[in-house]
Amino acid sequence: MARVQLLFLVLAAGAALVTIPSIVGGHAAAGWRLGATAAAAALPAYWVVGYRRGEFSLALEPLEAAAVFLVLRAAPGNPVLPLFGLLFRSLYGGFPLAMARYGMWISALLGAHDSRGHVELHADISRALGTGVAPPVMQALRAACQRSEHSERRLASLIQNSTDIVTVVADDLMIRWQADSIRNVLGHDPRQLLGTPILDLAHEQDRPVLSHYFAEARGDPGISRTLTARLRHANGSYRHFDVVAANRLHDPSVTGFVLNMRDMSDAWQLERELRELAAKREHEAMHDPLTGLANRRLLSVRLDRALAVAQAQGGDLTVMLIDLNRFKELNDTLGHAAGDQLLREIRPRLIEVSSGAELVARIGGDEFAVILSPGAGAADAERIAERLRIALEEPFDVQGLTLRVGASVGIAVYPEQADSADTLLQRADIAMYSAKKHGVGHELYDAAYDGNSRQRLALIGELPSAIASGQLVVHYQPKCDLRDGAIVGVEALVRWQHPVHGLLGPDKFVALAENAGVMRPLTHAVLDAALGQCARWRAQGLDLCVAVNLSAPNLLDAGFPLEVKGLLDKWKLPVSSLQLEITETIVSNDRASMIAVLRQLRALGVTMSLDDFGVGSSSLSFLRYLPVQELKIDRSFIVDLDSDDHSAAVVRTIIDLAHNLDMRVVAEGIETDAIRDRLASYGCDEGQGFLLGQPLPAAQLTELIRDPAAKEAAALISATRRSLKDGLPV
Ligand code: C2E
Ligand code: CA
Ligand code: CA
C-alpha cells in the first residue's frame, strides 16, 4: 500500500510542480500568478506531509480544493494536476469522502475555467467525467492493498511469533532468513544467525542426518521430509525438534530450503517418562516388591523359555523349590514386619548360593524357586541346596532377636522327571514337601511321592475348617506309675476324623498344621477337649492329670498363658489337672520370648514336661533354663533298652540327672514287661507305652481304667490301632 501511495504521490506532486512554469509564464494577473505558484508548491508539500502521516485533515480539504482552483485559474487547461492529484488523494479517506472531494475539485476546475467559453467548458466537463473514474478505482485499489497487506502482516506475525521456528537456508547451507520466533524458543538473536551454517545450530550427532537430507533433497525440487534433530539453545543445552524441511531452491521467491522446526522437547520428555513408567510397570508386574526378586509370573515366562531351549538343545533343565521351615509361625508371632525383614535378608544369601543360576524368584510367602542354568542337573542343585543349608546356619538378626530358619528344598529335573514347565514345578513342590516331612534339607523328586503329596496338599487346605468344625478328636494314652502300675495321668493325642480318609494320626497333619500356621487354633481345640474330658472324669471320681502337647507357635504367643488360664476356669479345674509337654526343638528358636511364656505358665502353677528327651541336641545345660518338672525319655532309647548297652547307659544317666535336677522321669514307648521292669529298677518314675495302654477315645479309656481286663476294651484297642494304620500312607 505504502508503495502504491508513494507512486501516486510522486505522480501527483510532479503534476503540481510542472504547472509552476506555465503559471509563471501565463497571462494571469500578477497577483493570481503569485498565489497560484504558491499553491502549486504548497500542494506537493501538503501531500508529502499527509503521505508521511498516513492521513489528511478533513478541515483542510476545502483549502486543498481552493489551492487546486488557484493553480487551474492561473494555468487553465492543465489536465494532469486534477487527474493525478485525484488519483493520489482518492487513496485516502473512505469512498464518500473521495466522492465529496471529487465534487469539490471538479467545482474548482469548472470555477477556474468559467471564463474560457463554452467550448472549453465542454472539454472541461468531459475531462471531469473522465477523472470521475479516479475515486472508485483508487478506492478499490486501496481496499485490495489493505486486504493483502493485512493478510501479509498476519502471516508475518504468525511466523515471527510462532512457537515454530522458520528458517530459510541457502544452497550453501548458510542461514539466509531467520524468523524472530527463534529468540523465544532457542534464545538466539535471529540477526546474528544470518549467514552462519545451519549445521552449527544442530547437535553434533544429528548433523549427519541433516547433511544427508540436504544432499539428497538438492537434486529433488519440492521434496519435503520430516526429521528429528537436537538444536542448541543459547544457554548451551539442546532441545529436541521435529524439522519439516522442504526444498524450495527452484522457487524464485525463496531459492532455499525452508525449515519449519517445532520444539518437541516436552513431548519427547513426556514420551521418555511414559516409556520409563511402562518399563517400571513391566518390572513391577514381574517382580516381588518385598525382595526385588522375580515373581511367579516372571518365573513362568523364564521357565517356558528355558524349557524351549532345553528341548531344542536336548539338555537338562533343573528347578529347585525352597520353602522356609516354620516361617509362618514366626510371621504370626513376631508380626509381618519381622517376617518381611527376614525374607529380605534371605535374598542375598539365596542369590549368593545360587550364583550362575538362570533365575531366582520368590513365588509365595516363604517359597522361593531357582531355575538352574541350562545343562545343570540334580547334582548341581544338591550342591546349591547344601550351600543354602550352610548359609542359613548363620542366624538372622531381626528386631533385636536372633533367629534361625531352616529350609526344605525340592528338586526336579527335565526331562527325567517332568516334560513340561507345570509338572516340573509341581514335582519340585512334591519333593520339597517330602524333604520337609522327612526333616532333610533337600530331596530330589521321586515318582513314589506323587499321590501322597497331592493328598497332603489337599489336607492343608481343609485343615482350618476341619479345626473350626470340630473334626479333630482327642485320644488319651495312660501314664502309669512304674512302681505300682497305677494310672496317674493321660496324654492327650490329637486325631483328625476326616470325612473321606477316616481317622488320621497326628503324623499325617500336625506338620501340615505347622506349615499352614494353624497350630494355635489346633492346640486350643485339643486343650479345650482335654480339659473338658478331665472335668468329666473328675465328676466321675477319676482324678487324672491330662498332658497336652504344645508346639512353637504356642510358646511364641504371649497370650497363651491367659488362654490356658481361661480354659482351666471354663472347666473349673485346679491347675494341677494340666500338664504341658514341650520338646527341645520347639524351644530352640527365639529362646528368650519362649522362656518368658513358659515362666508365665509355670507361674500359673502348670507343670511342664520335656518331651522326646535324648533326640536332637539335648543339651543338658539347657535344662537349667527351662522351667520343666518332668523329662520324657524318647522312645528310641526305650525300645532297645534290653538289647543295647549304650541305650541302657544313656537312660540311666538321664534318670540320674533328672533326679539330681529334681525332676520326675517318664519313659515313653514301653512295649514289653522286661523293659518296664528294667526301667522300674533304674528308678524311672512313670511309663507310657502300648504295654500300659494304647491311646484311646475317652469312653474306652474310662472302661479300661474301671475294668482293666475288659475284653471289649481290648477289642477296641486293636480297632483303634487298625484305624490309625488305615490312614494315609506316609
Ligand atoms: P508324642 O508326644 O511323643 O506322643 C507319643 C506318641 O507315641 C503317640 O503317637 C503314641 O501313640 C505313640 N506311642 C505311645 N506308646 C507307644 C509305644 O509303646 N510304641 C510305639 N511305637 N508308639 C507309642 P501319636 O499319637 O501318633 O502322636 C505322634 C506325635 O504327634 C506325638 O508324639 C506328638 O508329638 C504329636 N501330637 C499328638 N497330639 C498332638 C497335639 O495335640 N499337639 C501337638 N502339638 N502335637 C501332638
Ligand atoms: Ca508328647
Ligand atoms: Ca514323645
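Indexing begins at 1, ligand by ligand and atom by atom, following the structure's order.
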Is any side-chain heavy atom of Gln629 closer than 4.5 Å to one of Met608?
yes
Taking it one step at a time, do Leu324 and Phe368 satisfy side-chain contact (heavy atoms from CB on, under 4.5 Å)?
CA-CA 9 Å; Leu324 303 183; Phe368 299 85; 4.3 Å; yes
With the threshold set at 4.0 Å, does a side-chain nitrogen-carboxylate oxygen contact exist between Glu345 and Arg349?
no
Donor-acceptor side-chain pairing of Asp656 and Thr653 below 3.5 angstrom
no
Tell me how many protein N, O or S atoms are closer than 3.0 Å to the Ca ion (ligand 3).
4
Below 3.5 Å, N or O to N or O, backbone or side chain included: is there any such pair between Ala492 and ligand 1?
no
With atoms numbered from 1 as shown, which atoms in ligand 1 lie under 4.0 angstrom from a non-hydrogen atom of Arg495?
25 (O)
Shortest non-hydrogen contact between Ala535 and Leu573, atoms and distance:
CA-CD2, 3.9 Å
May I ask you to list the atoms of ligand 1 that are less than 4.0 angstrom from any heavy atom of Val526?
41 (O)
Does ligand 1 come near enough to Asp507 that some N or O of the ligand is less than 3.5 Å from an N or O of the residue?
no
State the atoms of ligand 1, each with its element, that fall below the 4.0 Å cut-off from a heavy-atom position in Leu550.
44 (N)
Non-neighbouring partners of Arg538 that pass salt bridge (Lys or Arg N to Asp or Glu O under 4.0 Å), sequence neighbours left out:
Asp543
Atom 26 (O) of ligand 1: which of Gly505, Pro478, Pro506, Ala667 has the nearest heavy atom?
Pro506
Look at the side chain of Arg427 and the backbone N and O of Gln417, then say whether any donor-acceptor pair between them is shorter than 3.5 Å.
yes
Could you check whether any heavy atom of Glu491 sits closer than 4.0 Å to an atom of ligand 1, since that is the contact criterion I want to use?
yes
Within the structure, does Met519 bring an N/O atom to less than 3.5 angstrom of an N/O atom in ligand 1?
no
Out of Glu671, Gln477, Gln688, whose heavy atom sits nearest atom 15 (N) of ligand 1?
Gln477
In terms of atom number and element, which parts of ligand 1 are under 4.0 angstrom from non-hydrogen atoms of Asp612?
3 (O)
Quick one: does Thr523 get a heavy atom under 4.0 Å from ligand 1?
no
Taking the Ca ion (ligand 2) as the vertex, measure the angle between atom OD1 in Asn549 and atom OE2 in Glu491; round to 10°.
90°
Taking only heavy atoms of Gly689 into account, list the atoms of ligand 1 that are under 4.0 Å away from them.
15 (N), 18 (O)
Please state which part of Asp611 comes within less than 4.0 Å of ligand 1, counting heavy atoms only: side chain, backbone, both or neither.
side chain
So Leu482 and Asp685, do their side chains get closer than 4.5 Å, heavy atoms only?
no
Quick one: list whatever passes side-chain hydrogen bond (donor to acceptor under 3.5 Å, both in side chains) with Asp323, sequence neighbours left out.
Lys436
Quick one: list whatever passes salt bridge (Lys or Arg N to Asp or Glu O under 4.0 Å) with Glu367, sequence neighbours left out.
none
Heavy-atom pair of closest approach, residues Pro478 and Gln694:
CD-O, 3.7 Å
Does the Lys NZ or Arg CZ of Arg520 fall within the cation-pi geometry relative to Phe560 - under 6.0 Å from the ring centre and within 45° of the axis?
no
Between the side chains of Ser434 and Glu443, is a donor N or O closer than 3.5 angstrom to an acceptor N or O?
yes
